[in-house]
Amino acid sequence: MNNNEKIKVAITAGIVSVILLILVIFLAVTTKKDAVDDDTKLSENITDYASFSVEGTGKVDDSAVLASSEDGADSASTSGSSEVMSYSEYVDSIAGSVSGNSFYETKAAVLRDVYNGLTFDKNAQLKEMMTYWEDGNMEAVRDLAHLERFEVMSYQLGGTDFFYYYGETNAEGKPNGKGIAVYANDQYYYGEWAEGVRSGNGTWVAFYPSYSRYVVTEHLYTGSWSADLPNGEGQEHYDYNAEYMNKQDFYLQNAIGTFKDGKYNGDMYIISVDKDDHSTEWYGKCIDGNWEQIINTTKDKNGKIPVLYEREDNKSYYYMTSEGSQNNGIDGMITGGSVAK
């Protein structure tokens with residue numbers, strides 16, 4: 001092979017190498033672009049899948065339809081006046097507004113307001129929960145209450161005092177004897193009834209879903225009832241998520257004593273709990289929901305009055321404002337309703 005032929009072969013090889021290089025670069029860029037497009041589509045799909053609407057935050061065109069169950073259980077359609085946001089955006093939006101539950105304020109449970117096509121059977125579900133409640137298996141009761149098919153049952157009653165009921169009834173079909181009911185705001189009652197209202201011994205509980213990121217996880221009363229309200233000896237109880245507790249608020253864990261129409265009435269034994277799960281025991285006297293000032297003590301520098309004293313140190317007091325010391329009892333309980341048809 002002479003020099004000219006060698007030069008031609010070298011040039012040809014160089015051209016081929018350049019073409020192959022260009023082809024490799026083109027394929028790499030195209031593959032990367034397709035991957036980016038796929039990632040973008042996947043991200044958009046995940047956002048759509050994980051989003052839900054939050055009541056009262058704006059408007060949404062989609063409707064959430066609750067399909068009827070096979071036995072003819074009530075169903076409803078929900079729509080409008082909500083803005084779709086991702087779940088993480090939702091929990092972040094309300095977390096900053098939660099300062100912790102004080103001695104006086106408890107907010108209603110926040111339930112997600114989209115249950116597309118989810119069916120529920122109120123009679124079967126209440127019967128299922130009642131079985132566990134009768135056996136004293138509150139863990140199972142709690143687990144059921146946090147299932148979507150139970151949440152949607154409560155959600156359908158939102159904004160009303162109606163309730164779904166399963167249990168014994170009188171000749172007129174009103175709750176009478178032993179039975180279970182579900183109300184709006186994830187509230188339940190199991191116990192005795194008379195002529196359509198809670199009467200006798202029973203337990204009321206409001207469950208708070210974990211996705212609500214609220215400091216309260218459960219609010220409960222168990223004891224005597226009449227006229228659909230706590231009346232007589234009983235105990236109010238709270239459970240909290242320590243992650244959302246602060247160092248300022250007074251977190252009531254137990255209020256044990258006598259109740260009158262849902263208010264504290266008589267000598268009360270109070271247990272408070274702090275963020276570090278340390279409990280403190282207190283005594284005080286409340287008449288018709290109004291705390292009495294402890295004898296022979298004065299107001300503090302902020303004008304608050306002492307209404308509780310520690311069990312282990314009767315010179316250590318808990319102070320309240322005059323306004324705050326009034327109208328104390330079980331907050332947020334739905335009362336006075338009738339069975340939803």
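Just so it is clear, the values below take in all heavy atoms, side chains as well, and ignore hydrogens, waters and symmetry mates.
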Test log, rule side chain to side chain contact (heavy atoms under 4.5 Å, CB included), inputs Tyr155 and Asn185: CA-CA 7 Å; Tyr155 178 78; Asn185 302 337; over 6 Å; no
Donor-acceptor contact below 3.5 Å, side chain Asn241 vs main chain Glu243: yes
Under 3.5 Å donor-acceptor, His237 side chain and Gln253 backbone: yes
Listed partners of Phe163 passing ring-ring contact (aromatic ring centres under 6.0 Å, His included), at least two apart: Tyr183, Trp193
Polar side-chain atom of Asn246 near backbone of Asp249 as donor-acceptor pair, under 3.5 Å: yes
Test item: side-chain donor near acceptor, Gln235 and Thr222, under 3.5 Å: no
Gln187 (side chain) donor-acceptor with Gly332 (main chain) under 3.5 angstrom: yes
In one Ile/Leu/Val/Met/Phe/Trp/Tyr side-chain cluster, 4.5 Å: Ile287, Ile294: no
Non-hydrogen atoms of Val182 and Leu157 that approach each other most closely: O-CD1, 3.4 Å
Worked check of side chain to side chain donor-acceptor pair (under 3.5 Å) between Asn327 and Lys263: CA-CA 7 Å; Asn327 200 36; Lys263 303 299 181 183; 3.0 Å; yes
Ring centers of Trp204, Tyr221 separated by less than 6.0 Å: no
Thr280 vs Ile271 side-chain heavy atoms within contact, under 4.5 Å: no
Shortest non-hydrogen separation from Phe207 to Ala109 and the atoms involved: O-CB, 3.3 Å
Note, Ser325 side chain near Ile305 side chain (heavy atom, < 4.5 Å): yes
Point-to-point distance, once rounded to the nearest 0.5 Å, from CG of Asn328 to CG of Asn265: 12.0 Å
Closest approach of Tyr317 to Pro306 (non-hydrogen atoms, all atoms of both residues): CB-CB, 3.8 Å
Heavy-atom closest pair, residues Tyr264 and Trp291: CD1-CZ2, 3.7 Å
Other residues, nucleotides, ligands: >12 heavy atoms within 6.0 Å of Lys285 NZ: no
Option among Ile256, Leu252, Asp331, Ile270 that satisfies the side-chain contact (heavy atoms from CB on, under 4.5 Å) test with Glu236: Leu252
Worked verdict on Val216 versus Asp239 for side chain to side chain contact (heavy atoms under 4.5 Å, CB included): CA-CA 6 Å; Val216 178; Asp239 283 329; over 6 Å; no
Minimal non-hydrogen separation, Ala145 against Met129, with atom names: N-CE, 3.9 Å
Option among Tyr238, Tyr188, Tyr214 that satisfies the ring-ring contact (aromatic ring centres under 6.0 Å, His included) test with His219: Tyr238
Residue pairs, two or more places apart or on separate chains, that pass side chain to side chain donor-acceptor pair (under 3.5 Å) and touch residues 304-315: Glu281-Arg311, Glu310-Ser316
Side-chain touch Trp225/Phe259, heavy atoms, less than 4.5 angstrom: no
Reported NZ-to-OH distance for the pair Lys275 and Tyr240, which is rounded to 0.5 angstrom: 13.5 Å
Test: Lys122 cationic atom under 6.0 Å from Tyr164 six-membered ring centre, within 45° of axis: yes
Sub-4.5 Å side-chain heavy-atom contact between Met130 and Lys178: yes
Ser272 OG to Leu308 CG distance, which is reported to the nearest 0.5 Å: 8.5 Å
Verify same cluster id: Leu229, Ile330 (apolar side-chain graph, 4.5 Å): no
Separation of Thr321 OG1 from Gln326 CD (nearest 0.5 Å): 9.0 Å
Considering all heavy atoms, the nearest Ala184-Ile334 contact: O-CD1, 3.5 Å
Lys/Arg-Asp/Glu bridge criterion (N-O < 4.0 Å) met for Lys247, Asp276: yes
Student check: side-chain heavy atoms of Tyr283 and Met268 closer than 4.5 Å: no
salt_bridge(Glu128, Arg149) N-O dist < 4.0 Å: yes
Test log, rule side chain to side chain contact (heavy atoms under 4.5 Å, CB included), inputs Tyr244 and Arg213: CA-CA 8 Å; Tyr244 304 121; Arg213 293 183 66 178; 3.1 Å; yes
Criterion side chain to side chain contact (heavy atoms under 4.5 Å, CB included) on Met138 and Trp133, from CA distance to verdict: CA-CA 6 Å; Met138 286 305 294; Trp133 219 318; 3.4 Å; yes
Separation of Asn231 CG from Lys260 NZ (nearest 0.5 Å): 8.5 Å
Shared hydrophobic cluster, Leu147 / Tyr190 (ILVMFWY, side-chain heavy atoms < 4.5 Å): yes
Hydrophobic cluster membership, Val197 vs Tyr165, 4.5 Å side-chain cutoff: no
Side-chain donor/acceptor of Ser154 to backbone N/O of Phe150, under 3.5 Å: no
By salt bridge (Lys or Arg N to Asp or Glu O under 4.0 Å) - contacts of Glu323 (at least two apart): none
4.5 Å side-chain heavy-atom contact, Gln156 and Phe120: yes
Minimum side-chain heavy-atom gap Ser199-Glu192 below 4.5 Å: no
Leu144 CG to Met153 CE distance, which is reported to the nearest 0.5 Å: 9.0 Å
CG/Asn302: more than 12 non-hydrogen atoms of other groups inside 6.0 Å: yes
pair Arg198-Thr335: side-chain heavy atoms closer than 4.5 Å: yes
